[in-house]
Amino acid sequence: MIKHHPSSKLLAGYATGELPASIAIGVAIHCKMCDQCQSNVDALTAQLADQVFDAEITEPMAYENEQFDLANEAEAPMDMDFGNMIAAITADDEISEQSMVRSTSITVKGKNFELPAPLNNVRMSNWLNIGKLSRSSLNLDEGAIHSHLLHIDADGEVPTHTHKGFEITLLLDGSFEDDMGTYHPGDFIELNGEHNHQPKTKEGCLCYTVADDALQFTEGFHKLFNPIGSLLY
């Protein structure tokens, strides 16, 4: 069962189309896995539509070239045969075939994963393997905001760390846990510099992650990697 969801602010930003592409992808994937959040987004979208179509027009439309418009109006037929127009449109019985949306699958460490539809047309880098961690970057060109697919092998972990900026983790497959709880597919976790955690997985997992700054390792010899942390996120 999904226990962690995007904030109401992120859902509203998704409905209005104001989120960066990487975060919008994460919210879209979560909504496909979570009926509750999809219902909330549908309600927000309906409210926005009502606001647009119910808005009163306070000023008449202005024409930049009144003579041109009057000339066109004079040449336009006064009576239009809408019946014949509709008949002509509906007379075309040719069927437009829609192409099937093909799912995209990836193989990491010998295991196959089917990616969610929002990732189907996103270009990804080759996998970088560091011990039990494997990472593929999404090529979205969003400056400081970086997004990845992160795979952790069974009995693997990410060293204890906090965050210089924000980090979003959406679990796609498997499970992992930290001091704050246990996470399952569909869980959408938002973290920042106030959080310090050490994700571990017994069975292995695949995550979609978004961050706008480097991790800050906080324990043991892993702190030695902090000077190059900006290269690792």
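If you read the sequence from its start, that first residue is 1, and numbering goes on from there.
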Partners meeting ring pair (Phe, Tyr, Trp, His ring centres under 6.0 Å) with F166 (sequence neighbours left out): none

Residues that N192 engages under side chain to side chain donor-acceptor pair (under 3.5 Å), provided they are two or more places apart: H195

Student check: side-chain heavy atoms of Y208 and L149 closer than 4.5 Å: yes

With K109 via salt bridge (charged side-chain N to carboxylate O under 4.0 Å, His left out) - residues at least two apart: D153

pair D179-H197: side-chain heavy atoms closer than 4.5 Å: no

Residue list, side chain to side chain contact (heavy atoms under 4.5 Å, CB included) with A24, at least two apart or on another chain: Y14, L19

Any pair counted as ring pair (Phe, Tyr, Trp, His ring centres under 6.0 Å), so long as it reaches residues 107-145, sequence neighbours left out: F113-H151

Set of residues satisfying side chain to side chain contact (heavy atoms under 4.5 Å, CB included) with respect to L133, sequence neighbours excluded: I152, V158

Close side-chain approach of C37 to V41, heavy-atom, < 4.5 Å: no

Linked hydrophobic residues, M1 as query - side chain contacts closer than 4.5 Å: none

Partners meeting ring pair (Phe, Tyr, Trp, His ring centres under 6.0 Å) with H4 (sequence neighbours left out): Y183

Salt bridge (Lys or Arg N to Asp or Glu O under 4.0 Å) pairs, two or more places apart, involving residues 185-210: none

Any side-chain heavy-atom pair of H146 and S137 under 4.5 Å: no

Set of side chain to side chain donor-acceptor pair (under 3.5 Å) partners for N112, sequence neighbours left out: T107

Set of salt bridge (charged side-chain N to carboxylate O under 4.0 Å, His left out) partners for D178, sequence neighbours left out: none

Of all pairs that satisfy side-chain hydrogen bond (donor to acceptor under 3.5 Å, both in side chains), the ones with a partner from residues 15-30, not counting sequence neighbours: H5-H30, T16-E18, S22-E142

